[in-house]
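Heads up, the thing below is written out as structure tokens.
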Amino acid sequence: DAGVIQSPRHEVTEMGQEVTLRCKPISGHDYLFWYRQTMMRGLELLIYFNNNVPIDDSGMPEDRFSAKMPNASFSTLKIQPSEPRDSAVYFCASSLTGGNYGNTIYFGEGSWLTVV
Amino acid sequence: AQSVSQHNHHVILSEAASLELGCNYSYGGTVNLFWYVQYPGQHLQLLLKYFSGDPLVKGIKGFEAEFIKSKFSFNLRKPSVQWSDTAEYFCAVVSGGYQKVTFGTGTKLQVIP
């Protein structure tokens, strides 16, 4: 299996620009998670989907952040407008049953975002 | 809401020393427990997991963890660490029926040659 695929791997953008991060989950997985990791705040869950439907977006920091999952094989996380404090590594992860019944949550390699 | 506590934020050990990283969770029902490792500059990878059965779980690279239900704990152990074990370790919990994965804040392990 190809694993969770994220793009871009690295992005440097200027403050105020729109950033779109992309994720392709493992085929057949019904849960998709977006996490943000920073030195200061550690690993934070931003939002997660079940069968393409957003279930909990309470971790999304503010309205500048939005996420969509138009189909089972694709999700986006958008930041508009971006700010320097959004600089972080954004991980996408997917699983069967959200990790229940012993199913592993698989992580992508991350998108390293720097906003200058 | 469930919570996960990793009390050791930064651990420094010499090679060949024994390791135990603590993980406690708050939910009292059925749980699925995971330990993930993140090597510098890389993504999170599964070390081991517990769902049911033998509470002593063996994972990759000589790691093991013991689920103690009465203590709400799932501590990670390794009898003899190597320099290549330098990484950050995350405990995670999924409570039965709740679906949301909760991660601990992570423990940075530094192994000195």
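If you're wondering where the values come from, they're calculated on a predicted model, not measured in any experiment. We name chains A, B, ... by the order of the sequence lines, and we start the count at 1 in each one.
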Tell me, yes or no, whether the heavy-atom count around [X] atom [atom1], taken from other residues, nucleotides or ligands under 6.0 Å, exceeds 12.
{"X": "A:Glu62", "atom1": "CD", "result": "yes"}
{"X": "B:Phe63", "atom1": "CZ", "result": "yes"}
{"X": "A:Arg41", "atom1": "CZ", "result": "no"}
{"X": "A:Asp63", "atom1": "CG", "result": "no"}

Exercise. Which residues in residues 109-116 of chain A have any heavy atom lying under 4.5 Å from a heavy atom of chain B?
Worked result: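 Residues of residues 109-116 of chain A touching chain B at under 4.5 Å: A:Glu109, A:Trp112.
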Value rounded to 0.5 Å, distance of [atom1] in [X] from [atom2] in [Y]:
{"X": "B:Leu46", "Y": "A:Phe107", "atom1": "CG", "atom2": "CZ", "answer": "10.0 Å"}
{"X": "A:Gln37", "Y": "B:Gln38", "atom1": "CD", "atom2": "CD", "answer": "4.0 Å"}
{"X": "A:Leu43", "Y": "B:Thr105", "atom1": "CG", "atom2": "OG1", "answer": "10.0 Å"}

Problem set entry | A:Phe91 ring center near B:Phe103 ring center (under 6.0 Å) |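 Here the rings of B:Phe103 and A:Phe91 have centres that are no less than 6.0 Å from each other.
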For this session: Could you look at B:Gln45 and say if it's the side chain, the backbone, both or neither that has a heavy atom under 4.5 Å from chain A?
Result: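 Interface part for B:Gln45: neither.
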Exercise. Is a side-chain N or O of B:Tyr36 found less than 3.5 angstrom from the main chain of A:Ile105, in a donor-acceptor match?
Worked result: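 Yes, because the side chain of B:Tyr36 sits within donor-acceptor range (under 3.5 Å) of the backbone of A:Ile105.
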Would a hydrophobic clustering, with Ile, Leu, Val, Met, Phe, Trp and Tyr connected at side-chain separations under 4.5 Å, put [X] with [Y]?
{"X": "A:Met15", "Y": "A:Tyr90", "result": "yes"}
{"X": "B:Val4", "Y": "A:Leu46", "result": "no"}
{"X": "A:Ile5", "Y": "A:Val89", "result": "no"}
{"X": "A:Ile47", "Y": "B:Val94", "result": "no"}

For this session: Among Ile, Leu, Val, Met, Phe, Trp and Tyr joined by side-chain contacts under 4.5 Å, find the other residues sharing a cluster with B:Ile112 and list them by chain and number.
Result: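 Noted: B:Ile112 shares its cluster with B:Ile12.
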Exercise. Given a strict heavy-atom distance threshold of 4.5 Å, which part of A:Glu44 is in contact with chain B: side chain, backbone, both, or neither?
Worked result: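 Looking at A:Glu44, nothing touches chain B.
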